[in-house]
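Hydrogens, waters and symmetry mates play no part in the numbers below; they use all other heavy atoms, side chains included. Since this is a predicted model, take the numbers as computed values, not measurements.
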Amino acid sequence: MKADPMGVLVGAHFLDGDHACCEGALAAGCRMVFGYPITPSTEVVERIARRFPMVGGVFIQMEDEIASSIAIQGAAWGGKKVMTVTSGPGMSLMQEHIGFAAMTETPCVFVNVQRGGPSTGLPTLPGQADMMQARWGSHGDYEIIALSPNSPQECFDLTIVAFNMSERYRVPVMFMMDESVGHMTERVIIPESTEIDIEPRRLTRAQPSEDYELYAPEEDLVPQMPPVGAGYRFHVTGLTHDEKGYPVMNAWVQEKLVRRLVDKIRKNASEIAINQEFELEDAEVVIVAYGITSRVVQRTMFLAREKGLKVGVFRPVVVWPFPEDRIRELAGRAKAFVVPELNYGQVYYEVERLVAGRAPCRLVDHGGGALHDPADILKVVEEVLR
Amino acid sequence: MKADPMGVLVGAHFLDGDHACCEGALAAGCRMVFGYPITPSTEVVERIARRFPMVGGVFIQMEDEIASSIAIQGAAWGGKKVMTVTSGPGMSLMQEHIGFAAMTETPCVFVNVQRGGPSTGLPTLPGQADMMQARWGSHGDYEIIALSPNSPQECFDLTIVAFNMSERYRVPVMFMMDESVGHMTERVIIPESTEIDIEPRRLTRAQPSEDYELYAPEEDLVPQMPPVGAGYRFHVTGLTHDEKGYPVMNAWVQEKLVRRLVDKIRKNASEIAINQEFELEDAEVVIVAYGITSRVVQRTMFLAREKGLKVGVFRPVVVWPFPEDRIRELAGRAKAFVVPELNYGQVYYEVERLVAGRAPCRLVDHGGGALHDPADILKVVEEVLR
Amino acid sequence: MSQGEHRNPVESFLRMDRMPHIWCPGCGIGIVVNCFVRALLKSKIDVDSVSVVSGIGCTGRIAGYFKVDSFHTTHGRPIPFATGLKTARPDMNIVVLSGEGDLIAIGGNHFIHAARRNVDIKVICVNNFTYAMTGGQVGPTAPLHSIATTAPYGSHERPFNLPFLAESSGATYVARWTTYHVRQLTKAMVDVLNKPGFCFVEAIAPCPTIYQRRNRMGDGLEMMRFYREHSRIANGADTRSLDIEMGGEIVVGKFIDRDRPTYLEAMDEELSKRLGNRYVPYPTGVKR
Amino acid sequence: MSQGEHRNPVESFLRMDRMPHIWCPGCGIGIVVNCFVRALLKSKIDVDSVSVVSGIGCTGRIAGYFKVDSFHTTHGRPIPFATGLKTARPDMNIVVLSGEGDLIAIGGNHFIHAARRNVDIKVICVNNFTYAMTGGQVGPTAPLHSIATTAPYGSHERPFNLPFLAESSGATYVARWTTYHVRQLTKAMVDVLNKPGFCFVEAIAPCPTIYQRRNRMGDGLEMMRFYREHSRIANGADTRSLDIEMGGEIVVGKFIDRDRPTYLEAMDEELSKRLGNRYVPYPTGVKR
Amino acid sequence: MVAGKGNMAAKKYRGEVFINRDRCKGCGFCVEFCPTHVLTLDREFNTRGYHPPVVVDADACTGCDLCGLYCPDFAIHGWRVPVQSDGAGE
Amino acid sequence: MVAGKGNMAAKKYRGEVFINRDRCKGCGFCVEFCPTHVLTLDREFNTRGYHPPVVVDADACTGCDLCGLYCPDFAIHGWRVPVQSDGAGE
Amino acid sequence: MSRTEIKIGGLGGQGVILAGMILGRAAALYDDMDATLTQSFGPEARGGACSAQVVVNTERNLYPCVTRPDILVVMSQPAYERFVMEVKPGALVLYEESLVETHHLPEGCRAFGIPATRFAEELGRRMVLNIIMVGFLTALADVVSVEAARKAVVDSVPKGTEKLNLGAFEKGYEFGLDIKNRESSC
Amino acid sequence: MSRTEIKIGGLGGQGVILAGMILGRAAALYDDMDATLTQSFGPEARGGACSAQVVVNTERNLYPCVTRPDILVVMSQPAYERFVMEVKPGALVLYEESLVETHHLPEGCRAFGIPATRFAEELGRRMVLNIIMVGFLTALADVVSVEAARKAVVDSVPKGTEKLNLGAFEKGYEFGLDIKNRESSC
Ligand SMILES: Cc1ncc(C[n+]2csc(CCOP(=O)(O)OP(=O)(O)O)c2C)c(N)n1
Ligand SMILES: Cc1ncc(C[n+]2csc(CCOP(=O)(O)OP(=O)(O)O)c2C)c(N)n1
Ligand code: SF4
Ligand code: SF4
Ligand code: SF4
Ligand code: SF4
Ligand code: SF4
Ligand code: SF4
Ligand SMILES: [Mg+2]
Ligand SMILES: [Mg+2]
């Protein structure tokens with residue numbers, strides 16, 4: 001399916017990441033947003049509020065993030081493509097409903113423009129310390145997809161991907177921006193709507209009937225969704241449920257359901273994966289970096305190559321599910337891994353796990369509030385090569 | 001310091017884990033609890049509500065979990081030992097305030113009687129799938145301590161430890177029970193108060209003055225706490241702050257503060273650690289298990305030993321910070337690791353990371369809603385030994 | 001026999017494959033279900049245009065039994081979920097059916113804000129004065145001195161007067177009935193199904209197993225008799241006067257019935273006025 | 001000169017090492033601070049027995065400037081934090097000072113429940129009709145048709161009438177003043193410092209940088225003049241009548257002043273009655 | 001299973017009531033609130049161990065369905081049947 | 001820095017007002033709401049670029065401190081000083 | 001035998017959990033054994049089927065679950081149907097004889113009924129049914145001592161009802177002893 | 001040189017960010033260069049110091065930050081003090097001459113003042129100060145073309161104020177050209 005031209009602001013623009021994310025959502029077909037203001041994400045919904053009335057969308061500023069995170073799900077079941085937008089403190093409040101979305105397989109996008117944490121922290125400064133929360137923040141087992149853009153252009157492009165993946169896999173997709181990407185202004189090219197691929201809702205092909213199975217999965221483990229109000233008379237619950245959607249309280253139904261919920265992401269991981277690789281062919285040191293840090297390390301790589309050091313960069317664009325296989329492959333040939341993050345160790349642990357002792361791994365941590373100094377990363381690269 | 005005899009119900013009792021946790025809190029000196037009912041944790045606060053009026057305590061059932069999780073912190077700053085009690089969905093709602101407690105270094109205990117998740121899941125059945133949430137659930141970087149009891153007696157004993165650690169390190173301590181431990185009744189011996197060691201509040205030795213530094217750390221990186229209303233005129237904020245407690249918005253203060261917050265746990269990890277080891281001397285297979293599963297695997301170990309298989313059990317009682325060093329040591333001698341959990345892989349990833357390829361690791365996952373069949377774990381043990 | 005052919009009208013509205021339901025003997029929730037079915041029949045609404053949204057609790061289980069598109073959400077959140085659903089599908093009739101703990105304790109903020117915004121949803125709150133599902137903790141309407149597991153020596157918290165709270169928050173329709181008042185309760189439900197805006201009906205209901213047992217108030221029947229004898233109908237009464245005391249009179253009636261533009265109507269008006277033809281109109285609601 | 005020796009009384013109550021504060025020229029929050037300092041002086045309360053608790057927002061920064069034990073909590077949560085603090089230290093005077101977005105939007109549930117329980121805290125809400133700190137989004141009191149970044153074509157949401165909401169929730173003292181009414185605002189603060197129970201003072205304040213600029217309402221001074229000319233004092237007015245419209249009259253005054261046992265008093269009474277000497281009494285409050 | 005037919009000679013309708021014995025939980029609401037006292041609780045248990053209602057005065061049933069409205073277990077309901085022309089004066 | 005002394009010959013007190021020029025943000029509240037019109041805004045800027053108040057009618061100051069109550073920047077306040085006995089009829 | 005698994009099944013309201021509690025308490029507090037009581041909770045369980053499991057052990061009882069009961073006590077037919085297939089070969093099955101019909105009993109099981117409902121009614125309180133069953137079990141199974149069981153009954157029942165409940169216990173105990181004596185004498 | 005780092009500093013309200021926006025937009029949309037604008041936000045920044053950073057690059061601008069500006073534009077004294085030490089050797093420093101005093105200028109820097117406030121007042125609107133500075137920079141630094149800058153001004157200012165702002169731009173631009181000519185002629 002192609003994008004609805006009404007929402008697509010074709011042309012070259014000079015936009016910040018927050019605004020580009022808004023335009024991405026519009027292009028992706030999002031017409032309903034519920035949100036609650038919080039720095040540094042507010043500009044996304046502010047632009048939504050300005051743009052929506054002209055494209056047939058509705059934005060409601062809710063009373064809090066909890067309301068936003070469940071209202072989008074009501075709207076998703078009402079047939080809309082939806083998102084909510086927040087930053088760390090709001091994300092913490094939304095955790096219960098991320099689990100609800102995962103459990104009920106509700107397609108929806110959560111934008112987190114990360115700031116310095118924990119707690120109120122540094123509201124106007126960048127951080128990348130909500131990455132593990134994105135994966136583990138809600139109680140119980142579930143899987144989500146998380147993308148991490150590094151430029152306003154990607155805030156546009158990947159927001160569309162985020163919506164498409166949420167529809168394709170019926171999971172909450174975490175769009176993990178950060179303050180520096182959100183507030184950074186660059187050229188953003190918005191293509192014609194005919195060049196934008198949109199994943200339509202996986203609408204059920206079944207007819208309404210007494211035996212209708214709301215959660216009968218297709219081959220890829222994802223079930224189709226019914227329209228509301230069309231006679232299916234389906235039931236959606238956050239309780240453990242069978243394929244009809246009815247609550248059943250036992251370990252067998254639990255195993256069947258939750259296993260599928262995690263497997264539909266784990267088993268489709270290679271299809272979901274988006275990575276970027278820079279000069280890995282001959283790299284002795286692999287720098288693994290995502291989001292804004294993946295741009296900072298370009299400078300490190302440049303400085304290193306200038307010194308004759310064989311350094312390459314591996315960037316997971318989709319951070320969750322983590323590109324396990326690729327890291328394992330790289331672990332077979334690289335001499336060392338260096339992982340800079342604006343946190344005190346999060347994705348680093350995944351890299352360390354997957355490298356499994358085959359090469360030294362070094363974290364370059366940073367509390368956030370600013371970006372890494374590329375030279376600090378270089379120092380660690382030099383150390384591991386010594 | 002020894003326990004206040006008023007709260008100590010000396011003697012042998014036949015109690016379930018929830019009730020034992022309540023008695024542990026009383027013995028630990030907890031006199032203020034804010035909570036919101038949720039299965040399977042409600043019995044803790046129900047007993048608190050019955051017991052408190054007779055020991056000079058106050059329990060308030062708040063309007064929701066969010067209120068509970070911050071009210072305890074008001075009371076903690078008011079000089080009380082406090083806890084709140086919940087289960088998965090409530091825990092998800094409390095995440096913002098776990099970060100606040102970490103950031104403001106407020107001693108408090110969060111009891112999570114885990115049930116099957118995600119979302120509403122299986123309210124009355126066990127799970128262990130909130131372990132990673134306990135560590136990563138709030139945004140930003142921080143560290144907590146998490147304990148996992150496996151019997152009513154431990155619900156009593158370790159609740160006291162949880163309170164003591166929260167006072168000692170001024171962190172939120174997660175008390176990770178589960179439905180089966182919470183609703184299991186066994187003998188619980190409550191000793192004389194004179195035999196119960198209580199960690200007193202680390203009260204400041206400084207005098208009130210204009211230069212009073214609220215967050216000047218001691219050698220172990222933990223600052224002392226002032227009494228409220230005594231003229232210190234201190235300021236507490238969830239924003240990044242300097243040692244006076246004043247907000248400062250930059251990366252340097254952030255680095256100094258948050259680095260200390262994580263280091264005060266990481267660097268004291270060996271002092272915090274509590275592990276149990278069973279027949280590890282000659283073990284070829286190390287089963288790593290915590291909480292209720294650490295009892296289930298005793299049966300596996302027994303069955304294995306009967307078959308002549310050299311199997312031992314390593315049980316982290318303090319799960320976070322994870323006993324990294326000990327796992328690394330064991331990785332040097334064991335042939336394989338088997339990690340059964342009531343989830344689809346959480347603590348397992350930590351084990352895999354630390355074993356670092358030196359031995360195969362196998363997860364025995366389980367969706368929750370029941371306990372593992374010890375024979376299923378045995379099967380995996382046999383497989384890895386093949 | 002002819003009666004064999006006459007099905008209980010509720011059956012076509014319920015998921016009979018899920019019966020028996022979990023509610024206890026003498027529980028009032030089933031009566032609320034009965035009234036709601038009759039109201040649907042009377043109001044002649046297309047059932048497929050109706051969706052039921054519940055939170056968590058004994059009452060919250062209604063969604064699971066009602067054979068319409070139904071949503072059993074999280075504890076306290078049926079109102080914002082319904083807000084999302086309604087906004088996406090203004091043509092549908094969205095009914096929130098949940099308990100007073102769900103709607104007014106943990107969900108209180110959503111309640112007052114949805115009422116303020118006049119979101120076009122119908123909120124029917126089963127008030128049984130306790131958190132029944134979790135075994136009888138003190139709730140936001142628990143009468144002073146009533147016993148609960150978390151108020152084992154009697155509650156000392158002033159309870160909410162729900163109609164007063166609803167009025168002050170902006171609800172367009174506010175009524176209270178007990179499950180004894182089946183006809184009036186049905187009528188109130190017909191009213192709200194036909195009325196645009198945020199409508200609130202408090203349905204006071206027996207909970208013999210939990211609330212009454214703990215407070216030695218007898219079984220369901222005893223409570224229903226109590227309602228018959230101790231309630232006073234006072235339509236149009238000042239909502240200030242509607243406090244409920246343990247064992248005291250229960251004033252019931254329709255208290256508020258006023259007209260205000262719904263959220264989407266107000267939005268439509270504001271945007272049309274300010275944006276003229278740059279505005280792409282969004283549908284505002286059910287044809288009533 | 002003698003005047004050099006006479007310090008501005010606020011200075012002994014503020015962290016002067018943190019000046020200048022972040023508030024804009026003509027912002028009303030500083031006036032509220034002034035009034036509160038005078039109220040402390042007048043009520044002759046021991047300052048060390050006072051604690052200020054704020055949430056997040058421009059107003060929320062008050063806690064950081066007030067030289068008492070002060071808590072800058074999370075957005076929307078100063079009331080439950082204060083509830084914990086007050087319960088732990090019933091002898092202290094706990095004052096919540098925060099914005100209307102903080103207290104009534106995200107914090108609305110805590111507001112109504114603390115009022116219902118009659119927790120002995122004093123809530124002073126600076127209502128500037130917008131989320132100022134985050135740059136001017138629509139808030140729970142934003143007048144109909146007012147412009148906000150998230151209501152760029154005018155707000156279409158009915159705002160709360162805060163005194164009405166406070167009354168219906170159970171507050172024992174409810175007043176509204178603007179920052180023009182410095183004497184009355186000070187008096188209201190003296191009142192509440194001396195009154196047990198949940199007391200609520202709405203302080204309407206200019207926000208020239210955000211709210212007024214966006215709504216072309218001039219600077220702080222212009223707004224103060226507006227307050228002078230368009231407010232009407234109506235002590236004891238029915239709280240139902242206190243809606244505020246864009247550019248319309250603002251009714252101010254003391255509306256509610258009633259006596260109810262505080263949470264801890266009610267608890268003490270209930271437990272003493274039911275438990276007799278098994279009850280270990282807990283202190284109930286400030287000596288006033 | 002058990003039905004009563006109300007005799008409403010003077011009216012156009014007579015009432016019928018239908019009881020689903022095994023669905024009943026014996027709360028007694030139907031018995032109490034039937035305006036014409038058609039019902040009483042059986043002494044016998046149903047299969048679930050409750051005493052369901054039985055019709056004691058079928059003729060009195062008006063088909064008002066109050067029993068149906070009151071029954072929390074959807075175990076009883078009443079309805080009206082047009083009276084056959086020959087029924088008058090029977 | 002700048003002070004005005006109100007002449008209140010008939011009263012027991014006279015007013016004084018103190019202005020902290022550099023703390024001022026020039027909102028004009030003090031000028032507007034001084035009941036006796038003691039103040040006006042200076043034409044000069046202070047170091048932060050604002051026009052602070054100056055005293056134009058020191059004698060009129062009653063020390064009522066309304067300026068202090070209104071000043072959002074804690075930059076001005078008034079107070080009363082007992083009038084020396086010799087001041088009467090001055 | 002160091003480990004005994006007991007399962008008690010019945011309907012909500014029959015005092016199934018309390019019966020388990022008494023057995024566990026007797027073993028754990030008065031017989032110096034280790035005992036673990038687990039129970040089946042459930043919101044769905046309002047008034048429905050319900051069970052208590054007790055593991056009694058001379059050593060520390062590590063594995064807490066009952067998987068194959070050595071002793072099954074049933075007070076309702078559905079409980080019998082549901083649990084009887086789980087028992088160990090040679091298990092002891094005790095049942096209330098007016099409520100349970102013991103068809104398809106697994107081979108090797110020893111099954112004994114007791115008219116506990118009638119006894120309870122004779123004692124004037126139907127609700128002591130569970131205590132009678134506990135007495136019955138105490139007599140027939142060598143798992144808790146009668147002194148321990150008596151103490152545990154006193155500890156576990158509401159104040160003021162000790163006498164009634166002890167009477168019920170003795171009733172069941174004696175009925176059980178009779179059977180035991182008859183068994184051993186043949 | 002493929003990468004140019006520009007820093008613009010001043011007070012909140014002076015239009016610092018808008019100036020950066022115009023430069024970035026000119027480069028990114030009309031000169032076909034890559035441009036990245038970053039800015040210092042902060043609740044503390046209400047009316048306080050404030051800065052915009054622009055990196056202009058002929059290639060894809062990967063590293064987004066300004067660390068050592070090639071060009072510094074300052075419109076307030078505090079901004080000058082804070083940022084002047086960061087500049088590259090040989091950097092171009094442009095300042096509003098009535099607001100900024102350029103003491104302690106790092107060696108090798110070329111610094112040029114402009115009476116932009118006066119110009120702005122002459123044009124009748126103090127708020128065009130920033131646009132004048134943009135014109136001034138366009139003339140003196142070889143970073144964006146004058147055509148691109150003009151288009152970007154039109155794009156970036158409120159509708160109806162294009163003419164005023166273009167006038168301001170030209171004012172700064174010409175003043176800059178004069179200096180440039182003088183410089184190159186000596
Ligand atoms: C976040 C969260 N907190 C708590 C619970 C536990 N819980 C389930 S139902 C309920 C109370 C229900 O009370 P009410 O809404 O009055 O419904 P009732 O059972 O009385 O009909 C609670 C506290 C939960 N499921 N989720
Ligand atoms: C959980 C959370 N959500 C959102 C925010 C962002 N936020 C900070 S202040 C504020 C609004 C403040 O408005 P108000 O309380 O009216 O205070 P004002 O700034 O107007 O004085 C918001 C939404 C936050 N800090 N935390
Ligand atoms: S516990 Fe109460 S509310 Fe719940 S089903 Fe039983 S009677 Fe009804
Ligand atoms: S933005 Fe408004 S409320 Fe905030 S400090 Fe400025 S004027 Fe005051
Ligand atoms: S239909 Fe009416 S009259 Fe007939 S049994 Fe039912 S309640 Fe009685
Ligand atoms: S109302 Fe229903 S459940 Fe109650 S006695 Fe009558 S038929 Fe049975
Ligand atoms: S003290 Fe009173 S009279 Fe004197 S300047 Fe201030 S406001 Fe005016
Ligand atoms: S009120 Fe204060 S800030 Fe305003 S002009 Fe007067 S002295 Fe200056
Ligand atoms: Mg209820
Ligand atoms: Mg505000």
Side-chain angles (χ1 to χ4, degrees), chain A residues 66 87-89 91-93 95-96 98-100 102-104 114 116-125 127 129-130 132-133 135-142 237-240 249-252 254-255 257-259 261-262 343-346 349-350 352-353 356-358 366-370, chain B residues 66 87-89 91-93 95-96 98-100 102-104 114 116-125 127 129-130 132-133 135-142 237-240 249-252 254-255 257-259 261-262 343-346 349-350 352-353 356-358 366-370:
Chain A
I66 295 177
S87 181
M91 209 68 219
S92 289
L93 289 170
Q95 291 306 326
E96 188 187 11
I98 288 167
F100 186 76
M103 190 66 149
T104 56
Q114 293 169 89
S119 196
T120 318
L122 296 169
T124 60
L125 298 172
D130 307 349
M132 289 297 263
Q133 181 195 44
R135 181 167 180 193
W136 299 109
S138 195
H139 63 284
D141 272 307
Y142 62 100
T237 178
L239 286 167
T240 297
M249 302 288 97
N250 70 45
W252 299 273
Q254 169 80 354
E255 158 71 12
L257 172 64
V258 186
R259 169 84 63 191
L261 293 181
V262 300
N343 60 47
Y344 290 105
Q346 296 201 4
Y349 291 124
E350 276 298 271
E352 192 185 11
R353 176 174 74 84
R358 296 201 282 166
H366 187 301
Chain B
I66 295 177
S87 182
M91 208 68 219
S92 288
L93 289 170
Q95 290 307 325
E96 189 188 11
I98 288 167
F100 186 76
M103 190 66 148
T104 56
Q114 294 169 90
S119 196
T120 318
L122 296 169
T124 60
L125 299 173
D130 307 348
M132 288 297 262
Q133 182 195 45
R135 180 166 179 195
W136 298 109
S138 194
H139 63 284
D141 272 308
Y142 61 100
T237 178
L239 286 167
T240 296
M249 300 290 97
N250 69 46
W252 299 272
Q254 169 81 355
E255 159 71 12
L257 172 63
V258 186
R259 169 84 61 192
L261 294 181
V262 300
N343 60 45
Y344 289 106
Q346 297 201 3
Y349 291 125
E350 277 297 273
E352 192 185 11
R353 176 174 75 84
R358 295 201 281 167
H366 187 302

Does any heavy atom of chain A fall under 4.5 Å from the side chain of B/Arg135, the backbone, both, or neither of them? side chain
To the nearest 0.5 Å, what is the distance between CG on A/Leu125 and OG1 on B/Thr240? 8.5 Å
Quick one: does A/Ile98's side chain get under 4.5 Å of B/Pro118's, heavy atoms only? no
When B/Gly367, B/Pro89, B/Gly357 are compared by non-hydrogen pairs under 4.5 Å with chain A, the top option: B/Pro89
How many angstroms lie between NE2 in B/His366 and CD in A/Gln254, if you round to the nearest 0.5 Å? 9.0 Å
Do you know which of B/Gly88, B/Gly369, B/Ala251 has the most heavy-atom pairs under 4.5 Å to chain A? B/Gly88
The side-chain contact (heavy atoms from CB on, under 4.5 Å) partners of A/Ser138 (sequence neighbours excluded) come to A/Gln95, A/Tyr142, B/Ser92
Might you point out which heavy atoms bring A/Ser119 and B/Met103 nearest each other, and give the distance in Å? CB-CB, 3.7 Å
Criterion side-chain contact (heavy atoms from CB on, under 4.5 Å) on B/Leu93 and A/Ile66, from CA distance to verdict: CA-CA 9 Å; B/Leu93 289 170; A/Ile66 295 177; 3.8 Å; yes
Shortest non-hydrogen separation from A/Met249 to B/Gly121 and the atoms involved: CE-O, 3.6 Å
Checking the side chain of B/Asn343 only, and the main-chain atoms of A/Asp141 only, is there a donor and an acceptor separated by less than 3.5 Å? no
Considering non-hydrogen atoms only, spot the tightest contact between B/Asp130 and A/His139 and give its length. OD1-CB, 3.3 Å
Contacts of type side chain to side chain donor-acceptor pair (under 3.5 Å), residue B/Thr237, not counting sequence neighbours: D/His72
In Å, rounded to the nearest 0.5 Å, how long is the span from CD of B/Gln133 to CH2 of A/Trp136? 11.5 Å
Between the OH atom in B/Tyr344 and the CD atom in A/Glu255, the distance rounded to the nearest 0.5 Å is 3.5 Å
Between B/Val262 and chain A, with a heavy-atom cut-off of 4.5 Å, which part of the residue counts as in contact: side chain, backbone, both or neither? side chain
Select, from B/Ala102, B/Gly368, B/Ala356, the one with the greatest count of heavy-atom pairs under 4.5 Å involving chain A. B/Ala356
Is it the backbone or the side chain of B/Met132 that comes under 4.5 Å from a heavy atom of chain A, or both, or neither? both
